[in-house]
Amino acid sequence: MAPDPVSPSPSAHGARSPAAALFDAIGAGYESAFADLPEQLAALDWLIAELPPGSKVLDIGSGTGRPTAERLTAAGHRVTGIDVSATMVELARARVPGAVFEQVDARDLVDDDAAWGAVCAFFPFLQLPRADLDHQLERLGARLVPGGLLAFATVPAEADGVEIDWLGHRARVTSHAREELLVRLRAAGLEILHQRVSVFHPHHPAAGPEEQLFVHARKSAAG
């Protein structure tokens with residue numbers, strides 16, 4: 001059974017947002033820089049072990065499709081990936097033909113309430129303005145079926161539009177500190193099953209060590 005495509009709202013935020021321009025420029029270099037990220041691979045192992053066969057999975061910020069969509073599709077799940085970057089969507093379609101990939105901003109998803117058995121959100125919100133970041137965190141629980149699973153990752157830091165050098169490019173990042181992120185995920189109706197902060201050094205000459213928060217969570221079976 002093929003994955004389900006998604007549709008953007010008529011008020012889409014546009015393909016050339018700052019995040020789209022950034023990841024169009026990085027392209028396949030992102031896959032190389034973050035290859036073999038241990039906590040991400042562990043999160044995918046957890047999903048594969050816990051999800052019912054043939055689950056619908058939404059991968060927000062799907063990048064090149066590897067490793068998330070590739071591994072989940074190989075495990076028999078119906079994966080739909082969305083990304084603001086046209087370059088990333090093109091790469092993902094070539095790398096993981098068994099999944100569906102759409103150039104869609106997460107802020108523009110429609111008709112996705114309680115639609116997904118799992119949501120993967122590995123670092124997709126860092127370039128959003130603070131209000132949009134907070135709204136996306138609120139929406140994570142609503143996107144899941146009762147009992148659905150979330151695999152989430154971000155850089156935990158109290159930052160609001162801070163400009164940094166990242167993989168040889170300038171980027172503005174926004175996030176919350178660890179405890180605030182956990183509070184917001186719980187407020188979205190999610191039970192935190194696992195959370196860990198680790199440090200990863202991307203495989204890129206211009207990158208330094210990066211602190212990362214990974215969370216496994218479940219929506220209440222009662223919805």
Side-chain angles (χ1 to χ4, degrees), residues 3-24 26 30 34 40 43 47 55-66 68-69 72 77-93 96 99-145 148-156 159-161 166 171-176 181 184-185 187-190 212-215 217 219:
D4 297 331
V6 295
S7 300
S9 72
S11 58
H13 286 80
R16 293 301 290 175
S17 67
L22 175 65
F23 284 96
D24 281 347
I26 293 171
Y30 182 85
F34 289 90
Q40 183 176 6
L47 287 175
S55 292
K56 287 177 56 178
V57 180
L58 175 65
D59 183 13
I60 302 176
S62 47
T64 68
R66 293 174 176 166
T68 302
L72 292 171
H77 300 298
R78 294 182 291 152
V79 181
T80 298
I82 63 167
D83 204 288
V84 295
S85 164
T87 296
M88 291 297 191
V89 170
E90 181 180 358
L91 290 167
R93 287 171 175 168
V96 193
V100 166
F101 297 96
E102 304 287 349
Q103 187 182 359
V104 178
D105 190 305
R107 296 170 290 181
D108 298 320
L109 282 179
V110 295
D111 300 327
D112 68 331
D113 281 356
W116 305 96
V119 170
C120 295
F122 294 117
F123 310 101
F125 305 139
L126 284 163
Q127 279 79 49
L128 293 180
R130 173 58 62 81
D132 290 336
L133 163 65
D134 292 346
H135 183 63
Q136 288 307 305
L137 294 173
E138 291 171 6
R139 293 286 299 137
L140 288 172
R143 299 190 195 282
L144 292 165
V145 301
L149 303 177
L150 170 71
F152 172 83
T154 192
V155 174
D160 188 358
W166 186 67
R172 288 191 178 275
V173 298
T174 298
S175 187
H176 289 290
L181 287 162
R184 289 177 178 274
L185 291 175
L190 295 162
Q212 301 170 342
L213 170 67
F214 281 81
V215 176
K219 183 177 180 178

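The residues of the chain are indexed from 1 along the displayed sequence. Given the structure is predicted, the values throughout are model-derived calculations rather than measurements.
Contact detail for A106 and I60: the closest heavy-atom pair is CB-CG2, 3.8 Å. Taking each heavy atom of L47 and A151 in turn, the nearest pair found is CD1-CB, 3.9 Å. Between V96 and F101, the closest heavy-atom pair is O-CE1, 3.4 Å. Of all the heavy atoms in S175 and L181, the pair that sits closest is OG-CD1, 4.2 Å. In terms of heavy-atom proximity, A153 sits nearest to P124 at O-CD, 4.3 Å. The minimum heavy-atom distance linking A115 with V145 is given by the pair C-CG1, 4.1 Å.
For the atom pair NE2 (H176) and CG (L185), the distance works out to 10.0 Å, reported to the nearest 0.5 Å. Here the straight-line distance linking atom CZ of F125 with atom CG of D132 works out to 10.5 Å at 0.5 Å rounding. For the atom pair OG1 (T154) and CG (L133), the distance works out to 7.5 Å, reported to the nearest 0.5 Å. Rounding to the nearest 0.5 Å places OG1 of T64 at 14.0 Å from CZ of R93. Separation of atoms CZ (F34) and CZ (F123) is listed at 6.5 Å; rounding is to 0.5 Å. To the nearest 0.5 Å, atoms CD (E102) and OG1 (T80) are separated by 8.0 Å.
Residues R107 and L128 are in side-chain contact: their nearest non-hydrogen atoms beyond the backbone lie under 4.5 Å apart. L126 has its side chain within reach of V155: a pair of non-hydrogen atoms, C-beta onward, lies under 4.5 Å apart. Under the 4.5 Å side-chain criterion, counting only non-hydrogen atoms from C-beta, L190 is in contact with L144. Side chains of Q103 and E90 form no contact here, defined as non-hydrogen atoms less than 4.5 Å apart.
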With side-chain contact (heavy atoms from CB on, under 4.5 Å) as the criterion, how do Q127 and T174 come out once you've worked through the C-alpha distance, each side chain's angles and the decisive distance to 0.1 Å? CA-CA 6 Å; Q127 279 79 49; T174 298; over 6 Å; no
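Within the 3.5 Å criterion, the main-chain N or O of V84 finds no donor-acceptor partner in the side chain of D105. Remark: the backbone N or O of G141 is paired with a side-chain donor or acceptor of K219 at under 3.5 angstrom. With R130 contributing its side chain and A159 its backbone, the two residues share a donor-acceptor pair below 3.5 Å. Between the D24 side chain and the T87 main chain, a donor and an acceptor come within less than 3.5 Å of each other. Without hydrogens or angle criteria, S62 side chain to I82 main chain gives a donor-acceptor distance under 3.5 Å.
Taking the six-membered ring where the residue is Trp, F23 and W166 present perpendicular rings, their angle passing 60° and hence far from 30°.
When each of L140, L149, D59, V57 is paired with V119, the side-chain contact (heavy atoms from CB on, under 4.5 Å) condition holds for L140 and for no other.
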